[in-house]
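Note that these values count all heavy atoms, side chains included, but never hydrogens, waters or copies made by symmetry. Here is the naming used below: chain letters follow the sequence lines, and residue numbers restart at 1 for every chain.
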Protein chains: 2
Amino acid sequence: MVVLTLPPVEDPEAPAAARAPLVLAVPRDHQPYAGDWSLPGGLVGADEGLEAAVSRVLADLARDSHAQILAEPRHLEQLETFGAPGRDPRGRVVSVSYLALLGAPVPLTGRAAWQPATAPPPLAFDHATILASALDRLRAKLSYSTVAYGLLADSFTLSELQGVYEAVLGRTIDKRNFRRKLAALELLEETGGQRRGPHRPASLYRFASGGLVLLDDVITT
Amino acid sequence: MVVLTLPPVEDPEAPAAARAPLVLAVPRDHQPYAGDWSLPGGLVGADEGLEAAVSRVLADLARDSHAQILAEPRHLEQLETFGAPGRDPRGRVVSVSYLALLGAPVPLTGRAAWQPATAPPPLAFDHATILASALDRLRAKLSYSTVAYGLLADSFTLSELQGVYEAVLGRTIDKRNFRRKLAALELLEETGGQRRGPHRPASLYRFASGGLVLLDDVITT
DNA sequence: ACAAAAGTGTTCAGATTACACCCATGG
DNA sequence: CCATGGGTGTAATCTGAACACTTTTGT
């Protein structure tokens, strides 16, 4: 289970790539790999669907961390399945990895913690591989779908949306071109609300079609 | 295991969509779903990797069908993992599906047979879902990668390559634009060989980089 | 008034589309 | 000599990239 999110913007002057994704990790205190971090996971019950097991793992995490929002990620999708013999020294384990996206790094009270996803601490088993595959998938999907919604609140400003693209793709995007392209795609609708601050207020938007939409091609501007 | 290929061109006048992909299927003679067709598969051994199990299943198929080529598909990749309880009435089964591509529908001597993938006979279990997901993936991937190589021989003419795109995408493509784009991508190299027939000989090409290459975007012409 | 982010057009280059004819060979 | 598929160019349009200033608010 790879749970990813983006930290809030701290230094607006910092390069886009500096706002790196965070991943939810749990420290291991038993062998093997004691002291390393691991991605949360769990066994699938004998009569449990894969999605059901994912929900259960997330619900447990939410309880342990006193962060209810973890139980309802904004986006959830299956990634790869890993089954090399020897990936767990204790015996044969096949793991079906899932990607969960959250709108913000909610504070966690338990042992789980947010770690930088692009430069994580040492990870147990083949979890570094699993994490890398999740990040690749996320980056690829930003380009041809609306997955960005998974990393935002229900309503958001155009600058916030642009910030998600910049943070995940690791480069800056031209504001005017970004907005023009977005307007042409007709995916967003104004909520009517505004985000206020020590500056001109920004209109809030939402994705017109709640969930994931695949595009022919691409936000690359 | 979804093994796909394309039939040879029969009527050059027929619309591109008429050359529909074929899928390798095996008739079931036991309950449940006796009389239906199923996708080939097998159990993963206790100390066997997933890829190793796939190779074994393919090798068995190749032996039963007297078609050695089945054991070495041109392309192989993991697809989705299916684990809903009740997908097999006999008990809990989790299936990791794989996509294998072949350059041609080799003749089969055993019980396995080629079936039209887009309008298959009744399929057992959730195999229709698995097949549909494989076709979706193949179509999507043609647009942003060189998977087409999986459905061709080692060397091929530009018209054959174009035929793969037309058959899988189900529409015709302009010959001159297709070739111009391909030239710009610099993915192909001439083998020096020629394909002869009752017409001007065609130069043979191969993909310069043996395997799969992902493109920024797209052959859409 | 000043700082901060929101919002908005135009120009240029490269890419994509549409479109039709001659060429080389086998039979 | 004819049928068959192989191979090639150009003009019109669309799309993507680069680029800077004015507006609205909070303090």
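The stretch residues 106-141 of chain A participates, sequence neighbours left out, in these ring pair (Phe, Tyr, Trp, His ring centres under 6.0 Å) pairs: A:Tyr33-A:Phe125, A:Phe125-A:His127. The list of side chain to side chain donor-acceptor pair (under 3.5 Å) pairs with a residue in residues 204-215 of chain B, not counting sequence neighbours, reads B:Glu189-B:Arg206. Listed by first then second residue, pairs satisfying ring pair (Phe, Tyr, Trp, His ring centres under 6.0 Å) with a partner in residues 55-80 of chain A read A:His75-A:Tyr149, not counting sequence neighbours.
Counting only heavy atoms from C-beta outward, the side chains of B:Leu138 and B:Val2 never approach each other to under 4.5 Å.
Rounding to whole angstrom units, CD of residue B:Glu166 and P of D:dG5 are separated by 13 Å. The separation between A:Arg179 atom CZ and D:dG16 atom C1' is 18 Å, rounded to whole Å. Residue B:Phe178 contributes atom CZ, which lies 17 Å from atom C1' of C:dA15 at whole-angstrom precision. In this structure, B:Arg196 atom CZ and D:dG7 atom P are separated by 12 Å, rounded to whole Å. One interatomic measurement links the two molecules: CZ of B:Arg176 to C1' of C:dC19, which rounds to 5 Å at whole-angstrom precision. At whole-Å resolution of the value, CD in B:Gln162 and C1' in D:dG5 are 12 Å apart. Between A:Glu190 atom CD and C:dA6 atom C1' there is a gap of 12 Å when expressed in whole angstrom units. Put simply, NE2 on B:His199 is 11 Å from C1' on D:dA3, counting in whole angstrom units.
A donor-acceptor contact under 3.5 angstrom links the side-chain atoms of A:Arg200 to the base of D:dT23.
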Nucleotide N/O of nucleotides 12-14 of chain D paired with protein N/O under 3.5 Å:
none

Close N/O contacts between protein and nucleotides 10-12 of chain C (under 3.5 Å):
residue : atom : partner  : partner atom : Å
C:dT10  : O4   : A:Arg180 : NH2          : 3.2

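With sequence neighbours left out, B:Asp36 forms a side-chain hydrogen bond (donor to acceptor under 3.5 Å, both in side chains) with no residue at all. For A:Ser133, the side-chain hydrogen bond (donor to acceptor under 3.5 Å, both in side chains) partners are A:Glu80, not counting sequence neighbours. Partners of A:Arg195 by salt bridge (charged side-chain N to carboxylate O under 4.0 Å, His left out), not counting sequence neighbours, listed by chain and number: A:Glu160. Partners of B:Arg200 according to the side-chain hydrogen bond (donor to acceptor under 3.5 Å, both in side chains) rule, which considers only residues two or more places apart in sequence or in another chain, do not exist here. Taking the ring-ring contact (aromatic ring centres under 6.0 Å, His included) definition, one finds that A:Phe156 meets it with A:Phe207, sequence neighbours left out. When the side-chain hydrogen bond (donor to acceptor under 3.5 Å, both in side chains) test is applied to B:Thr157, no partner is found at least two apart in sequence or on another chain.
Side-chain N/O atoms of B:Lys175 include none lying less than 4.0 angstrom from OP1 or OP2 on D:dG7. Close to D:dG5, at under 4.0 Å from its OP1 or OP2, lies no side-chain N or O of B:Ser159. Considering only side-chain N and O atoms, B:Ser203 lies nowhere under 4.0 angstrom from the phosphate OP1 or OP2 of D:dG6.
Each end of the helix from C:dA1-D:dT27 to C:dG27-D:dC1 gets its own rotation axis from five pairs of C1' atoms, and the angle between them is 10° to the nearest 10 degrees.
Listed nucleotides D:dC19, D:dG6, C:dT25 differ in distance to A:Asp174; the shortest reach to its side chain belongs to D:dC19.
When every heavy atom of B:Pro201 is checked against every heavy atom of B:Arg196, the shortest pair comes out as CG-NH1, 4.0 Å.
Comparing B:Pro198 and B:Tyr205 along DNA chain D, the residue whose closest nucleotide (by nearest heavy atom) sits nearer the 5' end is B:Pro198.
The only option from A:Leu79, A:Val94, A:Thr81 that meets the side-chain contact (heavy atoms from CB on, under 4.5 Å) definition with B:Thr81 turns out to be A:Thr81.
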